[in-house]
Student: 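Dropping the structure in here first, questions after.
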Amino acid sequence: MIEIIVNGEPRQFGEGITAAELVEELDLAGKRLAMEVNEELLPRSEFPGYRLSPGDQVEIVVAIGGG
């Protein structure tokens, strides 16, 4: 297990988790979102191959539609 900070909260995940797997673990799959890892925007196209490391700081913002 590794600890990753997600939106300011320490969370435990399996070793080698990718950004795409993190999105699924957080039940955000299929939603419009943006992710920063250590204050750098991570393009969605890189989610499947981007492995998170212990201590990474991840910020996820989900777009909410309105009228």
Side-chain angles (χ1 to χ4, degrees):
M1 297 294 273
I2 61 171
E3 184 174 275
I4 298 169
I5 310 300
V6 180
N7 292 349
E9 293 186 28
R11 307 264 312 249
Q12 299 287 322
F13 297 97
E15 295 266 343
I17 188 170
T18 65
E21 292 167 339
L22 176 65
V23 169
E24 287 194 26
E25 288 263 339
L26 298 174
D27 290 325
L28 297 175
K31 297 193 177 180
R32 294 179 56 206
L33 58 86
M35 182 185 300
E36 276 188 0
V37 179
N38 301 322
E39 299 184 6
E40 290 194 25
L41 186 63
L42 183 65
R44 193 171 193 114
S45 62
E46 294 181 21
F47 285 14
Y50 189 91
R51 297 218 177 272
L52 296 162
S53 300
D56 276 349
Q57 295 201 27
V58 178
E59 293 291 326
I60 298 175
V61 178
V62 178
I64 299 174

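Since we're looking at a predicted model, the values are computed, not measured. Sequential numbering from 1 along the given sequence is applied to the chain's residues.
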Student: To the nearest 0.5 Å, tell me how far F47 CZ sits from T18 OG1.
Tutor: 10.0 Å
Student: Does some side-chain heavy atom of L41 sit less than 4.5 Å from a side-chain heavy atom of M35?
Tutor: no
Student: Applying side-chain hydrogen bond (donor to acceptor under 3.5 Å, both in side chains), can you list everything that pairs with Q12, at least two apart in sequence or on another chain?
Tutor: E3
Student: Taking all heavy atoms of I2 and all of G14, pick out the closest pair and write down the distance.
Tutor: CG1-O, 4.0 Å
Student: In the single-linkage hydrophobic clustering (I, L, V, M, F, W, Y; side-chain heavy atoms under 4.5 Å), do V62 and V6 co-cluster?
Tutor: yes
Student: Hey, does V58 have a side-chain heavy atom less than 4.5 Å from the side chain of I5?
Tutor: no
Student: Tell me, with the steps shown, if V23 and L33 meet side-chain contact (heavy atoms from CB on, under 4.5 Å).
Tutor: CA-CA 9 Å; V23 169; L33 58 86; 4.1 Å; yes
Student: If every non-hydrogen atom of G16 is compared with every non-hydrogen atom of E21, which pair is closest and at what distance?
Tutor: O-OE1, 3.9 Å
Student: Nearest 0.5 Å please: distance from the CG atom of L28 over to the CG atom of L22.
Tutor: 8.0 Å
Student: Can you pull out every side chain to side chain donor-acceptor pair (under 3.5 Å) where at least one residue sits in residues 25-54? Sequence neighbours excluded, please.
Tutor: N38-D56
Student: Would V37 and Q57 count as a side-chain contact (heavy atoms from CB on, under 4.5 Å) if you check the C-alpha gap in whole Å, the side-chain angles of each, and the deciding distance to 0.1 Å?
Tutor: CA-CA 6 Å; V37 179; Q57 295 201 27; over 6 Å; no
Student: Atom CZ of F13 and atom CG of L52: how far apart are they, to the nearest 0.5 Å?
Tutor: 8.5 Å
Student: Calculate, to the nearest 0.5 Å, the distance between atoms CD1 and CD belonging to I17 and E24 respectively.
Tutor: 9.5 Å
